[in-house]
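Structure, as structure tokens:
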Amino acid sequence: MKKLIVANWKMNPKSFKEAEKLLLAVSKTKTTQHPVICPPFVYLPLLKTKLDLGAQDIFWQNSGPFTGQISPEMLKQFKVKYAIIGHSERRALGETDNEVNLKIKGAILNKITPILCVGYGLSAEMEDEEVMQHLQSQLEADLHEIDPKKVIVAYEPVWAISTGDPYKTKQMENPEHAERICMFVRIKFKVSKVLYGGSTNASNAESFLSRQIDGLLVGGASLNALEFNKMITTKI
Ligand code: PEP
């Protein structure tokens, strides 16, 4: 089965021209895995592609007095199939588990698959047991009154995000650690898929994808077409 490789472009690239160029370079590739591209909101209506698109966030209401928010119904018009929800960079700006829970509900109601990010608040010093306890309370709150089968979870330990090297941490056996935690989440919470994210790139993708991990959430490496193309053509 193909694994999901989700490109989180974050607030990049700076111009629509560059975004178009990047997407074109990725679209030409004959993939062995299933890529999903999550560009900034403003580029979504303008990008023409056969690849699946995702949003980097979503709001829970479909219309109303919510200045600056983007609704699930608006996103659907631009063929958005997925939405990243609760990314650690948003939680760092104050997003709460309650808001994350409402956003997941809004996405599901509108048939957009939520990609729920968990791992905010973790420390590289934590043992697996402690990580699991932390994730358990995060997931219980985020998935309250939600059918877990409709949710994809991305386990992203904050200490591994954007370091450029997921091995540069105390968790030298990171792919093994990632697999243990992903399996814990899948078995305990019965979600549809569990992805891993944190400085994955073309040179380490296979070490994660060859394990019981359903895919990757990719930040930095997704902005380099050559690098990302290698990831979406990984043979496992
Ligand atoms: C992320 O921010 O979700 C992420 C995984 O980023 P990076 O791949 O750059 O660590």
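By the ring pair (Phe, Tyr, Trp, His ring centres under 6.0 Å) test, Phe228 is found to be paired with no residue, residues two or more places apart in sequence or in another chain being considered. Residues that satisfy the side-chain contact (heavy atoms from CB on, under 4.5 Å) test with Lys2, not counting sequence neighbours, are Thr31, Gln33, His34. With sequence neighbours left out, Gln133 forms a side-chain hydrogen bond (donor to acceptor under 3.5 Å, both in side chains) with no residue at all. Partners of Lys149 according to the salt bridge (charged side-chain N to carboxylate O under 4.0 Å, His left out) rule, which considers only residues two or more places apart in sequence or in another chain, are Asp147. In this structure, the salt bridge (charged side-chain N to carboxylate O under 4.0 Å, His left out) partners of Lys10, at least two apart in sequence or on a different chain, are Glu89.
Tyr155 and Ile115 end up in different hydrophobic clusters when Ile, Leu, Val, Met, Phe, Trp and Tyr side chains are linked at under 4.5 Å. Criterion: ILVMFWY side-chain heavy atoms under 4.5 Å apart, direct or through other members. Under it, Leu75 and Leu51 are part of a common hydrophobic cluster. Leu53 and Val6 are assigned to two separate hydrophobic clusters, defined by single-linkage of ILVMFWY side chains at heavy-atom distances under 4.5 Å. A continuous path of hydrophobic side-chain contacts links Val42 to Leu223 [ILVMFWY only; heavy atoms under 4.5 Å]. The same ILVMFWY cluster, assembled from side-chain heavy atoms under 4.5 Å apart, contains both Val100 and Ile70.
Side chain of Lys190 to backbone of Ile187: a donor-acceptor contact under 3.5 angstrom is found. Of the possible donor and acceptor atoms, one in the side chain of Ser192 sits under 3.5 Å from a partner among the backbone N and O of Val151. Proximity of a side-chain donor or acceptor of Asp97 to a complementary backbone N or O of Ala141 within less than 3.5 Å is not detected. Between the side chain of Gln56 and the backbone N or O of Cys38, at least one donor-acceptor pair lies under 3.5 Å. In terms of modelled atom types and a separation under 3.5 Å, the side chain of Glu99 and the main chain of Thr96 share a donor-acceptor contact. Between the Arg91 side chain and the Gly121 main chain, no donor and acceptor come within less than 3.5 Å of each other.
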Do any side-chain atoms of residues 208-219 form donor-acceptor pairs under 3.5 angstrom with protein atoms, and if so which ones, sequence neighbours left out?
unit_1 : atom_1 : unit_2 : atom_2 : d
Ser210 : OG     : Glu206 : O      : 2.8
Arg211 : NE     : Ser207 : O      : 3.2
Arg211 : NH1    : Glu179 : OE1    : 3.3
Arg211 : NH2    : Glu176 : OE2    : 3.4
Asp214 : OD2    : Arg186 : NE     : 3.2
Asp214 : OD2    : Arg186 : NH2    : 3.4
Asp214 : OD2    : Val194 : N      : 2.7

Would you sort out whether Lys30 and Thr233 count as a side-chain contact (heavy atoms from CB on, under 4.5 Å), showing the intermediate values? CA-CA 7 Å; Lys30 206 163 180 303; Thr233 51; 5.9 Å; no

Start with the C-alpha gap between Asp142 and Ile85, add the side-chain angles, then the distance that decides, and say whether side-chain contact (heavy atoms from CB on, under 4.5 Å) holds. CA-CA 10 Å; Asp142 294 347; Ile85 298 177; over 6 Å; no

Intermediate values then yes/no, side-chain contact (heavy atoms from CB on, under 4.5 Å), Trp9 and Leu22: CA-CA 10 Å; Trp9 285 2; Leu22 175 59; 3.4 Å; yes

Kindly indicate, with the supporting measurements, whether the criterion side chain to side chain donor-acceptor pair (under 3.5 Å) is fulfilled by Asn201 and Asn204. CA-CA 6 Å; Asn201 54 41; Asn204 61 38; 3.2 Å; yes

Pair Gln136-Lys188, side-chain contact (heavy atoms from CB on, under 4.5 Å): steps then yes or no: CA-CA 9 Å; Gln136 177 151 349; Lys188 180 97 191 158; 3.5 Å; yes

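Expressed to the nearest 0.5 Å, how far NZ of Lys79 lies from CG of Leu44 amounts to 12.5 Å. In this structure, the separation between CD1 on Ile146 and NE2 on His144 is 9.0 Å, given to the nearest 0.5 Å. The structure places CG of Leu23 at 11.5 Å from CG of Leu46, a figure rounded to the nearest 0.5 Å. Atom CD in Glu156 sits 8.5 Å away from atom OG1 in Thr200 (nearest 0.5 Å). Rounding to the nearest 0.5 Å places CG of Leu143 at 10.0 Å from CD of Gln138. Atoms CD1 and CG, from Ile152 and Leu4 in turn, are 5.0 Å apart once rounded to the nearest 0.5 Å.
Residue pairs meeting the salt bridge (charged side-chain N to carboxylate O under 4.0 Å, His left out) criterion with at least one partner in residues 33-61, sequence neighbours excluded, are Asp52-Lys81, Asp57-Arg90, Asp57-Lys103. Within the structure, ring pair (Phe, Tyr, Trp, His ring centres under 6.0 Å) contacts touching residues 67-112 (residues at least two apart or in different chains) do not occur. Under the ring pair (Phe, Tyr, Trp, His ring centres under 6.0 Å) criterion, the residue pairs touching residues 39-71 are Phe16-Tyr43, Phe59-Phe66, with sequence neighbours excluded.
Hydrophobic cluster membership for Leu93: none, as no Ile, Leu, Val, Met, Phe, Trp or Tyr side chain comes under 4.5 Å of it. Taking a 4.5 Å side-chain heavy-atom cut-off between Ile, Leu, Val, Met, Phe, Trp and Tyr, the cluster of Met1 contains only that residue. Leu226 belongs to no multi-residue hydrophobic cluster, having no ILVMFWY side-chain contact under 4.5 Å with any other such residue.
Closest of all the heavy-atom pairs between Ala225 and Ala25 is CB-CB, 3.5 Å. Taking every heavy atom of both residues into account, Pro72 and Gly106 meet most closely at CG-O, 3.7 Å. Across every non-hydrogen atom of Ile84 and Cys117, the tightest pair is CG2-SG, 3.7 Å. Closest approach of Gly197 and Pro157 over heavy atoms only: O-CD, 3.6 Å. Closest of all the heavy-atom pairs between Ile104 and Pro114 is CG2-CG, 3.7 Å. Taking all atoms of both residues into account, the shortest heavy-atom contact from Gly119 to Val158 is O-CG2, 3.6 Å.
Residues Tyr196 and His177 place their aromatic rings such that the two centres sit no closer than 6.0 Å.
Residues Ile161 and Ser88 form a side-chain contact, since some pair of their non-hydrogen atoms from C-beta on lies under 4.5 Å apart. Between Thr49 and Ile37 there is no side-chain heavy-atom pair separated by less than 4.5 Å.
In Lys105, the NZ atom is crowded: over 12 heavy atoms of neighbouring residues, nucleotides or ligands sit closer than 6.0 Å.
With hydrogens and angles left out, the side-chain atoms of Glu73 and Gln77 include no donor and acceptor closer than 3.5 Å.
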